[in-house]
Amino acid sequence: MNTREMFKRAVAGGYAIPAFNFNTMEQMQAIVQAAVETKSPVIMQVSKGARNYANAQILRYMAEGAVAYAKELGCEHPEIVLHLDHGDSFELCKDCIDMGFSSVMIDGSHLPYEENIALAKKVVDYAHQFDVTVEAELGVLAGVEDEVSAAESHYTKPEEVIDFSTRTGCDSLAISIGTSHGAHKFTPAQCTLVNGVLVPPPLAFDILHEIEKKLPGFPIVLHGSSSVPMEEVETINKFGGHLEAAIGIPEEQLREASKSAVCKINIDSDSRLAMTAAVRKHLAEHPGDFDPRQYLKPARENMKKMYIHKIVNVLGSDGKLAQC
Ligand code: 13P
């Protein structure tokens with residue numbers, strides 16, 4: 001399904017839909033299991049990098065498989081969106097739409113304003129013919145996410161959002177209010193030490209609220225919203241990894257954002273961390289194991305636990321299926 005009804009209900013209900021990236025079968029299974037168990041709608045998203053890694057056809061059939069799998073697990077009416085994350089050209093978006101994606105993002109946020117509008121409008125005009133919803137972005141997030149990277153962030157300018165959403169016709173708007181991609185969102189120098197924990201600077205809620213006032217009820221999207229759980233980072237480092245100064249967005253801030261017009265929250269790095277932590281731990285404790293199922297099973301379980309935690313304790317999308 002596309003995101004239209006899902007977002008309308010999420011904005012009205014004060015919760016956010018999880019948008020989890022996937023590249024592998026284990027991630028897909030964990031996402032579906034978590035969504036079914038919590039009766040949550042879910043957005044399964046693939047980036048250009050994921051398409052290059054796993055193959056576009058394979059990912060498309062995995063998403064079809066996800067719907068069938070959810071039904072097999074007992075969910076008669078699953079709500080699953082297959083979304084392109086960070087489409088960087090009209091051609092890529094068109095290719096995904098032609099392949100059956102129900103939602104695409106066109107990310108022209110790095111372009112000059114008028115070019116961003118022209119590109120987003122071109123994608124919207126094509127996508128809407130097939131009832132595919134479109135996410136566009138205003139403002140630049142820092143960090144690295146697969147093929148997308150920017151050294152510096154620029155907050156979204158609230159004075160631009162009405163003009164941008166009206167002229168592009170986009171269905172949702174990704175904004176920049178201090179989140180960023182990856183597991184290193186802040187340097188320790190940007191954080192304050194509170195009870196031995198590095199607390200990053202708060203998100204720019206004033207900008208979010210100004211945007212909400214300008215576009216009442218319009219679906220807002222937050223990228224770069226992994227929390228980088230310390231226990232996963234510690235497990236990775238304890239079992240041979242080397243992740244230094246990995247800092248994410250505190251979950252209370254995402255909980256607060258979920259109650260606003262923010263109705264889609266993107267999480268990728270936390271899944272990567274959960275998977276890597278479980279694989280490292282398993283292989284360190286079972287050095288004789290070499291069957292991938294032996295270490296991918298705990299990896300899948302650890303990701304599922306994380307997805308359920310996000311759905312229930314952070315985004316509040318549990319129990320929000322229109323029909324069970
Ligand atoms: P994280 O790197 O914080 O998980 O963000 C993912 C994302 O925004 C994908 O578009």
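Counting starts at 1 for both ligands and their atoms, following the listed order. Quantities reported herein were computed from a predicted structural model and do not represent experimental measurements.
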At less than 4.0 angstrom from any non-hydrogen atom of His223, what atoms of ligand 1 do you find? 8 (O), 10 (O)
Which of the numbered atoms in ligand 1 are under 4.0 angstrom from any heavy atom belonging to Ile267? 4 (O)
Should the proximity of Leu141 to ligand 1, defined as any heavy atom under 4.0 Å, be assigned to the side chain, the backbone, both, or neither? neither
Between His77 and Glu79, is any side-chain donor less than 3.5 angstrom from a side-chain acceptor? no
What orientation do Tyr126 and Phe130 show, parallel under 30°, tilted 30 to 60°, or perpendicular over 60°? tilted
Is any N or O atom of Asn266, backbone or side chain, closer than 3.5 Å to an N or O atom of ligand 1? yes
Distance filter under 4.0 Å to His181 heavy atoms, resulting ligand 1 atoms: 2 (O), 5 (O), 6 (C), 7 (C), 8 (O), 10 (O)
Just to check, does Lys185 reach to within less than 4.0 Å of ligand 1 when the distance is taken from its heavy atoms? yes
Can you label the angle between the Phe164 ring and the Tyr113 ring as parallel, tilted or perpendicular, going by 30° and 60°? tilted
May I ask you to list the atoms of ligand 1 that are less than 4.0 angstrom from any heavy atom of His86? 10 (O)
Considering only NZ, NE, NH1 and NH2 on the basic side and carboxylate oxygens on the acidic side, decide whether Lys281 and Glu232 come within less than 4.0 Å. no
With a cut-off of 4.0 Å, which atoms of ligand 1 are near a heavy atom of Ser269? 1 (P), 2 (O), 4 (O)
What are the atoms of ligand 1, with element, lying closer than 4.0 Å to any heavy atom of Asn21? 9 (C)
Side chain, backbone, both or neither: Ser225 near ligand 1, heavy atoms under 4.0 Å: backbone
Asp95 versus Glu91: any side-chain heavy-atom pair under 4.5 Å? no
Aromatic ring pairing Tyr295/His282, orientation class (parallel under 30°, perpendicular over 60°, tilted between): tilted
Between His128 and Asp171, is there a side-chain donor-acceptor contact under 3.5 Å, judged purely by atom types and distance? yes
